[in-house]
Asker: 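This is the structure, below, for whatever I ask next.
In this chain, numbering begins with 1 at the start of the sequence shown.
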Amino acid sequence: MNLAVIFTTGHADTLGNACRLEMIAFLNRHFTTTVYTNVPEFLEKHLPDAEIRSIGNVLTITTPTGKNSAASNAFADNQGAGNPSAVNLSGRTISGSNSLFRQLTSFRKLAAIINRSAADALFMFHDTSAVALWMKKPVFQYVHQYGRRTRQNGSFLRRQLRNASALIRERWTLGGMARSKMNFVVSEPISDLLRNRGVGKLHTTPHALDLSKFREPLETALHSPLKSLKKQGFFVASYTGWMMESRGFHLMLEALRMAVQRDGKIVLALAGTDAVHAEKLRDFAEKHGLQEHIVDFGIVDSSLTPGILANSDLCLSYLDDLPAFHLSPPQKIIEYFASGKAVICNRIQTHNLVKNGYNGLVTEYDPGQLAESILTLKNDPDLLAELSANALKSASQFDAETLYGELVQIMKSAVTPREKTA
């Protein structure tokens, strides 16, 4: 079976993209795949066995407002926070209401290209859902997030324009999902939301991992600082993932400051820091004398994350009270579990995978409570060992071979011989 895949992104090296690339790599093992993308060089590196075709001069997607928002998350960010302009994926910005027409036209052009191809079906992520409106071949979509992920800023008029733009794009998205053979959805809350908005043919497929990468992590010279600190008796709390204020950036730093005041053998390791947050990190460390207590890896390749986690004692996840953060569990939680690490997180629906006192500790969104939890686990190695062992057990339900294998079987069953010859 020949499968066309659409993959678009604004900045490639993110934890979410790494997960989606693993899914595409799995599909490539079971189908003959052709991937249509705006980042061909990046995909050629990560998917060497797939056929890659550039669509940089074809597709137009919305531009997210924040510097830290990936263009691949355009629909989710536009639930109240996106910019009503758009960008052609070759890099040219298109301003004003004309951008909506340009974007819809580009989706239609891409559908025409894939309709003329030898593909028997199309698989894509919901960012480009509207392509399905013109597809003559069976379509499958994966919905990996849904809802506003940033706070609204700007004047009332600008917010109204953003909301109007988001409503139009949401209508395209829901229309594309309605025309799909199956919509694979990352969580039950998102499935419920889509069902209430008239979308049928929903199947829950959570984030999944190749667990072997975390059981036998790749370790390089990059991991040497953490290994050295561990030998010196430091206790390492790690955060991996995109760095944003809405993801607990300052909360974690303030908690570190409070914890180090009581115990000088604590280190915070961060992987996913962009240039803007790296500068803020340096300023905070210098102001409070924490240079020796912070290890900033910056943005790293996903293959190096398991090694960082392996050299950590526990892991952190803190999220603001935003709509999208109530709907699907962060992928990082599953990676933490796969590494056998206890998790400290805040009390929010999307963190429900973490059971307080079983595989981690759950607090309020408060730096004092986080600092206290870090000190508690550092001073009670038996409790830490128990939570970590249970975290490893929790990872078994997210095995990619099982979850993505089921996805493949559903797709194969849905594409009948009659459809393949149509």
Side-chain angles (χ1 to χ4, degrees), residues 5-28 33 35-50 52-56 59 61-64 66-78 82 87 89 123-129 141-146 149-150 184-187 205-210 213-214 218 239-244 246-247 270-275 277 297-306 308-309 317 324-325 328-336 338 398 400 403-404 407:
V5 177
I6 300 175
F7 175 87
T8 63
T9 186
H11 33 81
D13 289 316
T14 66
L15 193 60
N17 280 343
C19 181
R20 289 184 277 282
L21 289 177
E22 284 199 8
M23 180 181 287
I24 296 174
F26 190 94
L27 293 175
N28 195 49
T33 58
V35 185
Y36 296 82
T37 183
N38 66 310
V39 286
E41 295 82 6
F42 175 74
L43 286 201
E44 285 167 359
K45 173 185 174 183
H46 287 82
L47 299 170
D49 298 327
I52 309 297
R53 294 188 182 177
S54 174
I55 56 173
L59 189 61
I61 60 175
T62 54
T63 305
K67 293 181 180 179
N68 299 312
S69 298
S72 63
N73 295 340
F75 175 73
D77 285 329
N78 269 313
V87 62
L89 292 182
F123 178 89
M124 61 183 172
F125 302 96
H126 73 278
D127 313 280
T128 51
S129 179
Q141 297 194 48
Y142 189 76
V143 185
H144 52 85
Q145 62 188 35
Y146 201 95
R149 302 171 72 84
T150 56
F184 301 100
V185 185
V186 72
S187 70
T205 302
H207 290 306
L209 297 173
D210 179 352
K213 293 182 179 180
F214 295 86
L218 170 68
Y239 170 91
T240 59
W242 199 250
M243 208 69 63
M244 296 179 69
S246 61
R247 298 171 189 259
L270 301 171
T273 316
D274 63 7
H277 287 85
F297 289 98
I299 298 174
V300 302
D301 187 87
S302 60
S303 64
L304 300 173
T305 301
I308 294 172
L309 300 180
S317 181
F325 293 156
S328 62
Q331 183 191 340
K332 68 173 68 66
I333 295 288
I334 301 169
E335 295 199 351
Y336 295 165
F398 303 104
L403 293 175
Y404 293 163
L407 180 150

Asker: Taking all atoms of both residues into account, what is the closest heavy-atom pair of Ala271 and Ile308, and its distance?
Answerer: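 Closest approach of Ala271 to Ile308, heavy atoms only: CB-CD1, 3.8 Å.
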Asker: Hey, what's the ring geometry for Phe42 with His46, parallel, tilted or perpendicular (30° and 60° as the breaks)?
Answerer: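 Plane angle between 30° and 60°, so tilted.
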Asker: Check Val35 against Ile24 and note the closest heavy-atom contact, atom names and distance.
Answerer: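 The pair with the smallest heavy-atom distance is CG2-CG2, 4.1 Å.
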Asker: Looking only at heavy atoms, what is the nearest atom pair of Leu209 and Ala338, with distance?
Answerer: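 Where Leu209 meets Ala338 most closely, the heavy atoms are CD1-CB, 4.0 Å.
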Asker: If you apply the rule side chain to side chain contact (heavy atoms under 4.5 Å, CB included), what do you find for Tyr336 with Tyr239, and how did you get there?
Answerer: CA-CA 9 Å; Tyr336 295 165; Tyr239 170 91; 4.0 Å; yes
Asker: Under the rule for side chain to side chain contact (heavy atoms under 4.5 Å, CB included), what residues qualify as partners of Ala400, not counting sequence neighbours?
Answerer: Ala208, Tyr404
Asker: Where do Thr273 and Met243 come nearest, in terms of heavy atoms and distance?
Answerer: OG1-CE, 3.4 Å
Asker: Does the side chain of Ile55 come within less than 4.5 Å of Thr8's, by heavy atoms?
Answerer: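 Sidechains of Ile55 and Thr8: in contact.
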Asker: Can you give me the closest heavy-atom contact between Asn38 and Thr9, atom names plus distance?
Answerer: ND2-O, 2.8 Å
Asker: Look up atom CE in Met23 and atom NE2 in His207, then write down how far apart they are to the nearest 0.5 Å.
Answerer: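 If I round to the nearest 0.5 Å, the distance is 9.0 Å.
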Asker: Indicate yes or no: at least one non-hydrogen side-chain atom of Gln331 is less than 4.5 angstrom from one of Val186.
Answerer: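 Of all side-chain heavy-atom pairs linking Val186 with Gln331, none is under 4.5 Å.
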Asker: Test of understanding: with side chain to side chain contact (heavy atoms under 4.5 Å, CB included), list the residues that count as partners of Phe398, not counting sequence neighbours.
Answerer: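 So Phe398 forms a side chain to side chain contact (heavy atoms under 4.5 Å, CB included) with Pro206, Ile334, Leu353.
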Asker: To the nearest 0.5 angstrom, please state how far the OG1 atom of Thr205 sits from the CG atom of Leu407.
Answerer: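 These two atoms lie 5.0 Å from each other.
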Asker: Using side chain to side chain contact (heavy atoms under 4.5 Å, CB included) as the criterion, list what pairs up with Ser54, not counting sequence neighbours.
Answerer: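 Expected list: Pro40.
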Asker: Minimum heavy-atom separation for Lys332 and Gly241, please, with both atom names.
Answerer: CE-CA, 4.2 Å
Asker: With a 4.5 Å cut-off on side-chain heavy atoms, are Thr37 and Ile52 touching?
Answerer: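 With C-beta onward as the side chain, the pair touches.
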